[in-house]
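Written out below as structure tokens is the structure these notes cover.
What you see is a predicted model; the values in this text were computed from it and never measured. Keep in mind that the numbers below use all heavy atoms, side chains included, and drop hydrogens, waters and symmetry copies.
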Amino acid sequence: MEMPIPSDDRIARKSELMSRLRAALPAECVIDDPMETRAYECDALSAYRCPPLGVVLPYTTEQVAAALRICNDLDIPVVPRGAGTSLAGGSLPTADSIILGVARMNDVLDTDYANRIIRVQTGRTNLSVTGAVETDGFFYAPDPSSQLACAIAGNIAMNSGGAHCLKYGVTSNNLMGVRLVTMQGDILDIGGAHLDAAGLDLLGVICGSEGQLGIVTEATLRIIHKPEGALPVLIGFDSNEVAGTCVSDIIRAGVLPVAIEFMDRPCIRATEDFAKAGYPDCEALLIIEVEGSPLEIEEQLEKIIAIAKTHKPVEVRRATDTAEAARIWLGRKSAFGAMGQINDYMCLDGTIPVSQLPYVLRRIGEMSREFGLDVGNVFHAGDGNMHPLILYNANEDGQLELCEKFGAEILKLCVEVGGCLTGEHGVGIEKRDLMDHQFAPADLEAQMAIKDVFDHRWLLNPAKVFPLAASASRRDQGV
Amino acid sequence: MTIFPTTEAELSEAITSATTPLVISGGGTRRVRTADGAHLSTARLSGIVDYEPGALTMVAKAGTPLADIQAALAAEHQQLAFEPSLMGSVLGQDGQSTIGGVFATNASGSRRIQAGAARDFLLGVRFVDGAGNVVKNGGRVMKNVTGYDLVKLLAGSWGTLGVMSEVSFKVLPLAETMATIAVHVSDAATATAAMTASLNTPFDVTGAAYDPASGRAVVRVEGFEKSVAYRAAALRDVLAQFGAVEILDNAASAPIWTGLQNLDALVGTTGDLWRVSVKPTDGAEVIARVCPTAYVMDWSGGLIWMRTAAGQDVRTALTGIDGHATCHIGRAPQFHPNAAGVEMLMSAIRSKFDPHAKLNQGLMG
Ligand SMILES: Cc1cc2nc3c(=O)[nH]c(=O)nc-3n(C[C@H](O)[C@H](O)[C@H](O)COP(=O)(O)OP(=O)(O)OC[C@H]3O[C@@H](n4cnc5c(N)ncnc54)[C@H](O)[C@@H]3O)c2cc1C
């Protein structure tokens, strides 16, 4: 993955930058010791790393604004950072940029059960938002698998999803307001506890803008009362096609599970070896979870199982208690870890129309043989968001490049069948140069026009999202 | 004069060649209060392009009548879960609401509080901007974070950023049945307390509204038969503390919720027409301050449709309350002004998308 050549002029302004930042912020908020900035050289796309000029970790929105004003003044690019778990290289710095992280801003500002909202600083981790309200019976719905580590800041920037978004939606459906600091250091409140925008829906476009429009320091999030309970059923099939048809039949029957997860044979095998969840030995399995009171759970599971039985499942394992539910989820939750045990892996994130599932899985299998790299598939089947995991060996020359090439082919396939490059991880640097496959120049121009409005000099996370060639003239203005 | 393009290319041509500002409409049921100009209608950009019931997605041209969409969905026991609010009756406009108009105005009904707004269901758009460029964003799949989300920006932009030619959206199964739990209350504050209590339960309430003329707050549950019966009974117990409670079955419930969708409570009333959106627990305070001549509350108190005396300044009455008021009939500007910094961003976006100021001029400031 190519990154723009850092500007020597900007690098030459480092000492002025650091001294001005230190004058404006508490000493511990400004870091440029190479040992300490190491942790900020990459995110979870760890094949790519680069030391930034420095790292700024403010405590308050006003400090964020002060730091941005200084960078704006000195024409220094700023890469916003939450917890650094992006799989797309979203928070990867360049050598002429600073990292501005919100990790120190993690307070709960307000919990309002009557209006079902919580206001938090965005450095707070996803799971600890639910943690703040769960004893009172509430939860924050979007649940990325990284929820223990990832921050609301990154969730908003990437519009992250999770296993339960089939019913509850992704981040943008649960985000009601933000406090945003622009590159010029202006502090804006957008949205709030009311349910829609006055005028244009700026919140809608800020969510998912990958840190390119402003730094989000506070968020108003929708919280929901917890259901009485939830239980999964595990169903094994002897072909991917049949499993795919079963998903579509369930949806058509009017049952709306909270999650429908799909794993294929390579992935089932790997997880079995690793987590010993006791999964059946089969081609494909579905984990389907429903919610409600015991009676409602039973009513829905019965309907689901009746549909599944028309597809000759090789196994139906219905959880009757939470221990069994946990065992069913165990394999799915350790899938990434299991694949990681076998080898290095790259996790893709394309979405396809559900009807294309069998075709796409077959094609991925064929390509896997052509490239000579193994792939396991685990994904959110209800919404077509695939996560092919390509295994490769990082220590072997050329394997990363081969893997990336394979990944790109899979993503192009997703676009070809009517889907998209990324369902929840974001574009970052990873899919940046594939954007031309999904969008025509006018489509990208319309998106870049939004960035021009918020950040006309393209200083915020500039080398992301858009193909480098498409954004070059805009990025080079100041240099 | 009204221009009726029949293809996206004609739409682009119509916008490019326009020498006066354009007033954009779908079926004309939601009347925009904009400066005069030539009229441009999407009514002949019509037809369902693709419908995959097993994937819960549909693609349709923007001018497709809402009724056609709903009929196609009903045949598969599916629906637009955000229950588009319909403005035709209350505004005294005839004509057919179009799917493009529904999304362009983010017209969301009672189920907003549980399922989401129109903007949450819109998956992809094709539109022509004010310079005549054809632009697409989003797609037809349910999860998509590829590039900026212009889909949500276009939803609720009331034709000021571009004219949509095609929309793709998510649909949901129709519930097998529903029940309405009605509690008799005498004022908006008690109604809000009752609605709040019902939403703060695990019982998955899909609507919470209050019509003062009927003297009851209504709460809806939907789903499979046994589940609905169970939750209705549970909510009856929750609501008993607020007043006399009755449970209405599927048949008795239907007119209540279609009535809310059509704003029946305000049809035939007179005065200015306002739509106020605030934090649910502020709704009763808004009523107390404005003293509307007629009103109905939805979204657990967060949405108030009201009639006021002609010329009454509702926005000043909202001072200190977060939210906004849209004036659908009256002399006040249609949209609520935002804080200066936010308003500047909005107007800069409008100038990018509509550089020659052609689309629905003056509507959004
Ligand atoms: C094991 C694993 C599992 C994962 N599972 C999922 C999953 O199930 N679903 C899913 O959607 N994702 C998943 N992810 C991806 C990742 O966790 C999400 O993208 C997450 O939202 C990133 O959050 P973060 O705080 O770590 O953001 P970072 O990595 O720090 O940053 C992500 C992006 O947000 C921007 N940003 C950060 N803070 C701000 C701010 N304050 N203002 C503006 N922009 C900002 C950054 O510039 C960057 O572009 C997974 C990742 C891992 C490693």
Side-chain angles (χ1 to χ4, degrees), chain A residues 113-116 158-159 161 169 173 186 188 190 192-202 204-205 207-209 225-228 248 251-252 254 256 292-293 295-296 299 351-355 383-385 418-424 426-427 435 438-439 442-443 446-447 449-450 453 465, chain B residues 52-56 77 106 112 116-117 119-120 129 133-137 139-150 152-153 155-157 172-174 176 196 199-202 224 226-227 230 277-281 299 302 322-324 335-336 338 341-342 345-346 348-349 352-353 364:
Chain A
Y113 293 122
N115 291 295
R116 295 162 303 280
M158 291 313 199
N159 190 11
N173 313 115
D186 296 330
L188 302 174
I190 292 165
H194 50 282
L195 281 164
D196 57 10
L200 297 179
D201 189 351
L202 297 183
V205 75
C207 188
S209 62
H225 199 287
K226 276 196 276 193
E228 286 179 78
S248 146
I251 289 173
R252 287 191 71 149
L256 199 64
S293 64
L295 172 145
E296 293 173 278
E299 189 177 25
T351 307
I352 55 168
V354 189
S355 57
D383 49 34
N385 187 190
C420 65
L421 297 170
T422 170
E424 58 180 18
V427 178
M435 290 287 275
Q438 190 174 329
F439 294 110
D443 305 334
Q447 296 176 36
I450 299 289
V453 165
V465 184
Chain B
E52 269 193 54
L56 301 175
H77 301 287
N106 189 26
R112 164 68 183 103
R119 57 92 91 171
D120 296 300
D129 71 11
N133 299 306
V134 176
V135 179
K136 72 166 183 306
N137 192 263
R140 66 182 173 104
V141 287
M142 255 192 246
K143 264 171 83 187
N144 185 348
V145 296
T146 322
Y148 293 174
D149 193 346
L150 303 185
K152 291 203 174 55
L153 190 65
S157 65
L172 281 181
L174 268 175
E176 184 177 275
T196 301
L199 279 161
N200 288 3
T201 67
F224 294 116
K226 282 189 231 162
S227 161
Y230 164 78
S277 173
V278 291
K279 180 163 84 176
T281 52
W299 300 358
D322 276 349
H324 57 95
F335 288 92
H336 201 113
N338 285 281
V342 174
L345 288 174
M346 291 182 182
I349 291 174
K352 289 276 183 196
F353 282 70
M364 272 196 176

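Your options are Leu345(B), Val278(B), Asn338(B), and the one with the most heavy-atom pairs under 4.5 Å with chain A is Leu345(B). Ranked by heavy-atom pairs shorter than 4.5 Å toward chain A, the options Gly147(B), Ala155(B), Gly156(B) are led by Gly147(B). The choice from Ser157(B), Gly302(B), Gly323(B) that makes the most heavy-atom pairs within less than 4.5 Å of chain A is Gly323(B). Chain B forms more heavy-atom pairs under 4.5 Å with one residue of Lys226(A), Met158(A), Glu424(A) than with any other, namely Glu424(A). Note: Ala198(A) leads Ala198(A), Gly204(A), Ala193(A) in heavy-atom pairs under 4.5 Å with chain B. Counting heavy-atom pairs under 4.5 Å between each of Ile349(B), Asp129(B), Asn137(B) and chain A puts Ile349(B) at the top. Taking chain A as the reference chain and counting heavy-atom pairs below 4.5 Å, the highest number among Asp322(B), Asn133(B), Leu150(B) is found for Leu150(B). If you tally non-hydrogen atom pairs under 4.5 Å between each of Glu52(B), Arg140(B), Met346(B) and chain A, the highest count goes to Met346(B). In terms of heavy-atom pairs under 4.5 Å with chain B, the best-connected choice from Leu195(A), Leu202(A), Val205(A), Ile190(A) is Leu195(A). Considering only heavy-atom pairs separated by less than 4.5 Å from chain B, the leading option among Gly384(A), Ala446(A), Gly208(A) is Ala446(A). Chosen from Gly199(A), Ala114(A), Gly423(A), the residue pairing most often with chain B at heavy-atom distances under 4.5 Å is Gly423(A). For the options Thr351(A), Val354(A), Val427(A), Leu421(A), heavy-atom pairs under 4.5 Å to chain B are most numerous at Thr351(A).
Both the backbone and the side chain of Thr281(B) come within contact range of chain A, judged by heavy atoms closer than 4.5 Å. Heavy atoms closer than 4.5 Å to chain A are found in the side chain of Met364(B), but not in its backbone. Residue contact with chain B, scored on non-hydrogen atoms closer than 4.5 Å, involves the side chain of Leu256(A) exclusively. Interface residue His336(B): backbone and side-chain heavy atoms are both found under 4.5 Å from chain A. For Asn144(B), the parts lying near chain A are the backbone and the side chain together; criterion is any non-hydrogen pair under 4.5 Å. At a 4.5 Å heavy-atom cutoff, the contact between Ala348(B) and chain A is made by backbone and side-chain atoms alike. With a 4.5 Å cut-off on non-hydrogen atoms, Lys136(B) touches chain A through its backbone and its side chain both. Both the backbone and the side chain of Gln447(A) come within contact range of chain B, with heavy atoms under 4.5 Å apart. If you measure heavy-atom distances from Val453(A) to chain B, the contacts under 4.5 Å come from both the backbone and the side chain. Both the backbone and the side chain of Phe224(B) come within contact range of chain A, judged by heavy atoms closer than 4.5 Å. The contact between Leu295(A) and chain B is made entirely by side chain atoms (from C-beta outward), counting heavy-atom distances below 4.5 Å. Both the backbone and the side chain of Val342(B) have a heavy atom closer than 4.5 Å to some heavy atom of chain A. Of the atoms belonging to Leu199(B), heavy atoms from both backbone and side chain fall under 4.5 Å from chain A. Both the backbone and the side chain of Leu200(A) come within less than 4.5 Å of a heavy atom in chain B.
Remark: Phe335(B) pairs with Trp158(B) by the ring pair (Phe, Tyr, Trp, His ring centres under 6.0 Å) rule, at least two apart or across chains. Residues that satisfy the side chain to side chain contact (heavy atoms under 4.5 Å, CB included) test with Asn159(A), not counting sequence neighbours, are Val170(A), Thr171(A), Ser172(A), Cys207(A), Val145(B).
Contact detail for Lys143(B) and Cys420(A): the closest heavy-atom pair is O-SG, 3.6 Å. When all heavy atoms are compared, the tightest approach of Pro173(B) to Gly254(A) is CB-CA, 3.4 Å. In terms of heavy atoms, Val141(B) sits closest to Pro353(A) at CG1-N, 3.5 Å. Closest heavy-atom contact between Asp196(A) and Ser277(B): OD1-OG, 2.7 Å. Annotation for Asp443(A) and Val134(B): closest pair OD1-O, 4.1 Å, computed over non-hydrogen atoms. Nearest heavy atom pair, residue Ser248(A) against residue Gly54(B), reads OG-CA, 3.7 Å.
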- Task: Apply side chain to side chain donor-acceptor pair (under 3.5 Å) to the pair Glu228(A) and Tyr230(B), showing each step before the final yes or no.
- Result: CA-CA 12 Å; Glu228(A) 286 179 78; Tyr230(B) 164 78; 2.7 Å; yes
- Task: Step by step, work out the side chain to side chain contact (heavy atoms under 4.5 Å, CB included) result for Thr146(B) and Phe439(A).
- Result: CA-CA 10 Å; Thr146(B) 322; Phe439(A) 294 110; 4.0 Å; yes
- Task: Under the side chain to side chain contact (heavy atoms under 4.5 Å, CB included) rule, what do Arg119(B) and Asp201(A) come out as? Steps first, then yes or no, please.
- Result: CA-CA 9 Å; Arg119(B) 57 92 91 171; Asp201(A) 189 351; 2.9 Å; yes
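His324(B) places a side-chain heavy atom less than 4.5 Å from the side chain of His194(A).
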